[in-house]
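We count residues from 1, following the sequence as given.
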Amino acid sequence: HDIVELVRKAAKDRGREVFFSYRINGGDHDFGMRVPPLKKQHPEWTHDAYAGLGYSKRHIFWNFQFKEVRDYKVKVLRELAETYDFDGISVDFARGPLSFPVGTQWLHRDLLTDFMRELRQVMLDVETKRGRPLLLAVRVSANVVGCQFDGIDIRRWAREKLADIFVLGCRSSEVELTAYRSITAGSGIKLYPCFDYVHTSDAYDYPSIELSRGIYTNWWRQGADGAYTFNCYQMDPSIAERLGANRSRAGWEA
């Protein structure tokens, strides 16, 4: 069964636009997952961002300094775009932002911009072939300075219109909407602030619906174009109990 296509079709059957969210780095070492064969074949294309910090497990990230890594990621995203009839693809640079060894990110910002130019062209090529838009979203830091720490030249990305949507933030309820609005003025790029319901800001574990409404109303009044949720999969407690789901730290899970 192709779970991606099943979910895509189910959403389309309900009249929804469908984006595929792709974490650009780091996700393949979470929760005991095996190191991908390509990383084993080419360890020189990777870096351990948490080395020396006392972690018992290594966290091996792709190093976007290498053209081979950038080409590989473009190939993956091209395959997604050509295989599935998505309305858009969202590339997540925020959840695993370590595209380069720590301390060198801004030095290599032009390489990440080159990657985005190539990816943008791939999306445009696919949408031309199929005759309708294929939107590109990028999830970045909650603030402009954070983008610089991550090696993202967000001002250039906006000037060159390398994305249609900027998704702002990872685990913060405060994002620099005013600063991003200034950067994107006249570009047509939409701003979607994000709230993470699992990796929440301190003191906000298990955020309530009231808290969520407050956060998104605040952003809406600041001029956000839409809202983005992350890890928003908790059930209503009464539904969870009826289904026999158990309570865990991450919420109600089947």
Review point. Are any of the side-chain heavy atoms of Asp92 and Phe230 separated by less than 4.5 Å?
Key: yes

Check your understanding: Quick one: do Ile183 and Ile165 end up in the same hydrophobic cluster if we chain Ile, Leu, Val, Met, Phe, Trp and Tyr together by side-chain heavy atoms under 4.5 Å apart?
Key -> no

Exercise for review: For residues Asp150 and Leu112, report the shortest heavy-atom separation together with the two atoms involved.
Suggested key: O-CD2, 4.2 Å

Exercise for review: With salt bridge (charged side-chain N to carboxylate O under 4.0 Å, His left out) as the test, would you mind laying out the steps for Asp13 and Lys9 before giving the verdict?
Suggested key: CA-CA 6 Å; Asp13 289 346; Lys9 185 177 183 305; 2.9 Å; yes

Check your understanding: How far does CD1 of Ile215 sit from OG of Ser172, to the nearest 0.5 angstrom?
Key -> 9.0 Å

Review point. Under 4.5 Å between any side-chain heavy atoms of Leu162 and Arg117, yes or no?
Key: yes

Review point. For Ile154, which of Thr113, Asn143, Val144, Thr184 qualifies under side chain to side chain contact (heavy atoms under 4.5 Å, CB included)?
Key: Val144

Point to revise | Working for side chain to side chain contact (heavy atoms under 4.5 Å, CB included), residues Glu68 and Trp45 | key: CA-CA 8 Å; Glu68 293 87 349; Trp45 296 350; 3.4 Å; yes

Check your understanding: Is it the case that Ser99 and Trp62 place a side-chain donor and acceptor less than 3.5 Å from each other?
Key -> no

Point to revise | Under 3.5 Å donor-acceptor, Arg14 side chain and Ala10 backbone | key: yes

Practice item. Kindly work out whether a path of hydrophobic side-chain contacts (I/L/V/M/F/W/Y, heavy atoms less than 4.5 Å apart) joins Leu119 to Ile189. Key: yes

Exercise for review: Could you tell me whether Arg16 atom CZ has more than 12 heavy atoms of other residues or ligands within 6.0 Å of it?
Suggested key: no

Point to revise | Non-hydrogen side-chain atoms of Tyr180 and Val175 separated by less than 4.5 Å | key: no

Exercise for review: Could you tell me whether Lys75 and Glu79 have a side-chain N and a carboxylate O separated by less than 4.0 Å?
Suggested key: no

Check your understanding: Any link between Leu107 and Phe64 through a network of hydrophobic side chains (Ile, Leu, Val, Met, Phe, Trp, Tyr) touching at under 4.5 Å?
Key -> no

Check your understanding: Is it true that the NZ or CZ of Arg120 lies under 6.0 Å from the centre of Phe115's six-membered ring and within 45 degrees of the ring axis?
Key -> no

Point to revise | Any side-chain heavy-atom pair of Phe93 and Arg139 under 4.5 Å | key: no

Point to revise | Side chain proximity check, Trp220 to Pro193, heavy atoms < 4.5 angstrom | key: no

Check your understanding: How long is the span from the NZ atom in Lys73 to the CZ atom in Arg78, to the nearest 0.5 Å?
Key -> 16.0 Å

Check your understanding: Does the ring centre of Tyr197 sit less than 6.0 Å away from the ring centre of Phe195?
Key -> yes

Practice item. List the atom of Cys194, the atom of Thr229, and the distance in Å for their closest heavy-atom pair. Key: SG-C, 4.5 Å

Exercise for review: If the plane angle is over 60° it's perpendicular, under 30° parallel, otherwise tilted; pick one for His108 and Phe100.
Suggested key: tilted

Practice item. Please report the C-alpha distance between Tyr228 and Ser21 in whole Å, then the side-chain angles of each, then the deciding distance to 0.1 Å, and finally whether the side chain to side chain contact (heavy atoms under 4.5 Å, CB included) criterion is met. Key: CA-CA 11 Å; Tyr228 188 105; Ser21 179; 3.7 Å; yes

Review point. For the atom pair CD (Glu44) and NZ (Lys39), what is the distance rounded to the nearest 0.5 Å?
Key: 13.0 Å

**Study point:** Residues Arg130, Asp85: salt bridge by 4.0 Å N-O rule
**Key:** yes

Review point. Given Ile60 and Thr46, is the side chain to side chain contact (heavy atoms under 4.5 Å, CB included) satisfied, shown in steps?
Key: CA-CA 6 Å; Ile60 306 301; Thr46 68; 3.4 Å; yes

Check your understanding: Cluster question for you: counting only ILVMFWY and a side-chain heavy-atom cut-off of under 4.5 Å, with indirect links fine, are Val138 and Ile24 together?
Key -> yes

Point to revise | Spacing of Asp114 atom CG and Met116 atom CE [to the nearest 0.5 Å] | key: 11.5 Å

Practice item. Apply the test salt bridge (charged side-chain N to carboxylate O under 4.0 Å, His left out) to residues Arg181 and Asp225: give CA-CA distance (whole Å), side-chain angles for both, the deciding distance (0.1 Å), then the verdict. Key: CA-CA 10 Å; Arg181 181 66 65 197; Asp225 296 296; 3.3 Å; yes

Check your understanding: Minimum heavy-atom separation for Ala81 to Met123, with atom names?
Key -> CB-CE, 3.9 Å

Check your understanding: Going from NZ on Lys67 to CD on Glu118, what distance comes out if it is rounded to the nearest 0.5 angstrom?
Key -> 6.0 Å

**Study point:** Within-4.5 Å side-chain heavy-atom neighbours: Ser90 and Tyr192
**Key:** no

Review point. Any side-chain heavy atom of Tyr50 sitting closer than 4.5 Å to one from Leu98?
Key: yes

Point to revise | Residue pair Val126 / Glu82: nearest heavy atoms and the distance that separates them | key: CG2-CG, 3.9 Å

Check your understanding: Would a hydrophobic clustering, with Ile, Leu, Val, Met, Phe, Trp and Tyr connected at side-chain separations under 4.5 Å, put Leu135 with Phe20?
Key -> no

**Study point:** Within-4.5 Å side-chain heavy-atom neighbours: Asp48 and Phe61
**Key:** no

Point to revise | Spatial distance of atom CZ (Arg155) from atom OG (Ser182) [nearest 0.5 Å] | key: 8.0 Å

Review point. Can any side-chain N or O of Glu160 pair as donor or acceptor with the backbone N or O of Ala158 at less than 3.5 Å?
Key: no

Point to revise | ring-ring contact (aromatic ring centres under 6.0 Å, His included) partners for Tyr84, two or more places apart | key: Phe86

Exercise for review: Return the minimal non-hydrogen interatomic distance between Arg132 and Asp87, and the atom names on each side.
Suggested key: NH1-OD1, 3.1 Å

Practice item. Over all heavy atoms of both residues, which pair between Trp219 and Leu177 is shortest? Give the atoms and the distance, please. Key: O-CD1, 3.7 Å

